[in-house]
Asker: 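Just dropping this structure here.
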Number of protein chains: 2
Amino acid sequence: MTSRQFNSLILDKFLPYRLSIVNNKISEVLSVTYAKQFDLTPMEWRVLAVLGQNESISADEICRFTEIDKVAVSRAVTKLVRKKIISRKRSTYDRRRSILRLTKGGVSIYKSIVPLVLEIEENLVDGLSVYERKQFRDLLAKIEYRVDSLRMLYKF
Amino acid sequence: MTSRQFNSLILDKFLPYRLSIVNNKISEVLSVTYAKQFDLTPMEWRVLAVLGQNESISADEICRFTEIDKVAVSRAVTKLVRKKIISRKRSTYDRRRSILRLTKGGVSIYKSIVPLVLEIEENLVDGLSVYERKQFRDLLAKIEYRVDSLRMLYKF
DNA sequence: TGCAATTAGTTTCATATGAAACTAATATAT
DNA sequence: ATATATTAGTTTCATATGAAACTAATTGCA
């Protein structure tokens, strides 16, 4: 017997709904930081963030890391190249692949944003003990593992 | 001393990033359920879900409950009315307000979807103990409280 | 070898989205 | 009472998005 009424959906207690609300609020706060100050869209920031921790990777690898679809990545990459935040050249081993890197300017923007977003994260978990933070991360990982299984089902 | 390197951003351990990834995966699984089977957009489903637990409310109240902006709500409502899933009339007390309700057909669709999404939620937390589920909800609520404070700051 | 299948990435097109301006109704202040 | 501000909801417009079709390169296999 659970505390939830059989067959009834209370949004405020519905995990996907709560997660989505909190996620949207956090995204909003983050984007105020990097969008307004550095004129980056969320997509552009995500690509930038991945390149910040991976010296040189292809657009395709960015897709796999971020779960953003390839059209969106392609567009974000084009814009970042235009803004001279990243550079793109063709791989000599596989001439379909592009090799992406942060430019000097890109590194500099990246280094400006990182402390800002880390500070926001710190603010978010400020009231949680070290144990609670770990607990939250672990539970979220468990849930992610479960949703991955569900997604597998749909694909076959 | 934390395990994270000073000033370095590791996306896989960055809370907003993890939350966003998991949220996207869950949204995808849910939308496969209600979008493909009942031809509803995520916005439409959210409006439907709110009306499922609130007999009759206005578009504005839906905005406040769901944190969806009023333009999106207006459009979702228009579509749902067209599909005869909800009905709309003007309030006699305040003729700007609309009074929204599920139609019979809407109630029926709602009742079909609810068990499906509850089953998905159950699958998501399947591996968690009752204590862990509560723990997760509580920690998420704490984080939401913190992000609300941050949002307040930006507004002044 | 050479031809089909796959992969990386881009373009196209139709739809979704959000900000700002708008309309209509109500509340507030003088 | 009347002008002003606020609120509910819609429309407009410019941009973002994702699916599908496309190009070009590579791989697999008969």
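Within every chain, numbering begins at 1; the chains are lettered A, B, ... in the order of the sequence lines, protein sequences first and strands thereafter. Only heavy atoms go into these numbers, but all of them, side chains included; no hydrogens, no water, no symmetry mates. In this text, all values refer to a predicted model and were calculated from it rather than measured experimentally.
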Asker: Across the strands shown, which category fits B:Arg88 at heavy-atom distances under 4.0 angstrom: base, sugar-phosphate, nothing?
Answerer: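 Counting heavy atoms under 4.0 Å across all strands, the contact made by B:Arg88 is with sugar-phosphate only.
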Asker: Got a sec: does the CD of B:Glu122 have more than 12 other heavy atoms crowding it under 6.0 Å?
Answerer: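 Yes, CD of B:Glu122 has more than 12 neighbouring heavy atoms, counting only those of other groups under 6.0 Å.
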Asker: Within this structure, what is the CG-to-P distance between B:Asp60 and D:dG9, rounded to whole angstrom?
Answerer: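 My rounded result for the distance is 5 Å.
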Asker: Using a heavy-atom cut-off of 4.0 Å across all strands, would you classify B:Ser98 as base, sugar-phosphate, or nothing?
Answerer: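 Sugar-phosphate contact only.
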Asker: Rounded to whole Å, please give me the gap between CG in A:Asp94 and P in D:dT27.
Answerer: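 Going from CG in A:Asp94 over to P in D:dT27 covers 6 Å.
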Asker: Could you give the CD-to-C1' distance, from A:Glu67 to D:dG18, as a whole number of Å?
Answerer: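 That distance rounds to 16 Å.
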Asker: Could you check which of D:dA8, C:dT26, C:dG18 has an atom nearest any side-chain atom of B:Asp69?
Answerer: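 Given the options D:dA8, C:dT26, C:dG18, the side chain of B:Asp69 is closest to C:dG18.
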Asker: Give a yes/no on whether any side-chain N or O of A:Ser74 is located under 4.0 angstrom from OP1 or OP2 of C:dG9.
Answerer: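 No, because none of the side-chain N or O atoms of A:Ser74 sits under 4.0 Å from OP1 or OP2 of C:dG9.
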Asker: To the side chain of A:Arg75, which of D:dA20, D:dT17, C:dT6 is closest?
Answerer: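 Nearest to the side chain of A:Arg75 among the choices is D:dT17.
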Asker: Does a side-chain N or O from B:Arg95 land closer than 4.0 Å to OP1 or OP2 of C:dT23, or not?
Answerer: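 No.
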Asker: Does a nitrogen or oxygen in the side chain of B:Arg96 sit under 4.0 Å from OP1 or OP2 of D:dT7?
Answerer: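 The answer is no; no side-chain N or O of B:Arg96 sits under 4.0 Å from OP1 or OP2.
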Asker: By nearest heavy atom, map B:Thr92 and B:Pro42 onto DNA chain C; which one lands nearer the 5' end?
Answerer: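 Taking each residue's closest nucleotide, the earlier one in sequence belongs to B:Pro42.
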Asker: From C:dG18, D:dA16, D:dG9, pick the nucleotide closest to the side chain of A:Lys79?
Answerer: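 For A:Lys79, the side-chain atoms sit closest to D:dA16.
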Asker: Quick check: does any side chain N or O of B:Gln53 sit under 3.5 Å from a backbone N or O of A:Leu11, one acting as donor and the other as acceptor?
Answerer: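 Side chain of B:Gln53 to backbone of A:Leu11, a donor-acceptor pair under 3.5 Å: yes, one is there.
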Asker: Is B:Glu67 atom CD crowded by more than 12 heavy atoms from other residues, nucleotides or ligands, each under 6.0 Å away?
Answerer: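 Correct, the count exceeds 12.
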Asker: What is the distance, to the nearest angstrom, from the CZ atom on A:Arg97 to the C1' atom on C:dT10?
Answerer: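 To the nearest whole Å, that distance equals 16 Å.
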Asker: Touch check for B:Thr78, heavy atoms < 4.0 angstrom, all strands: base, sugar-phosphate only, or nothing?
Answerer: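 B:Thr78: no heavy atom of the nucleic acid under 4.0 Å.
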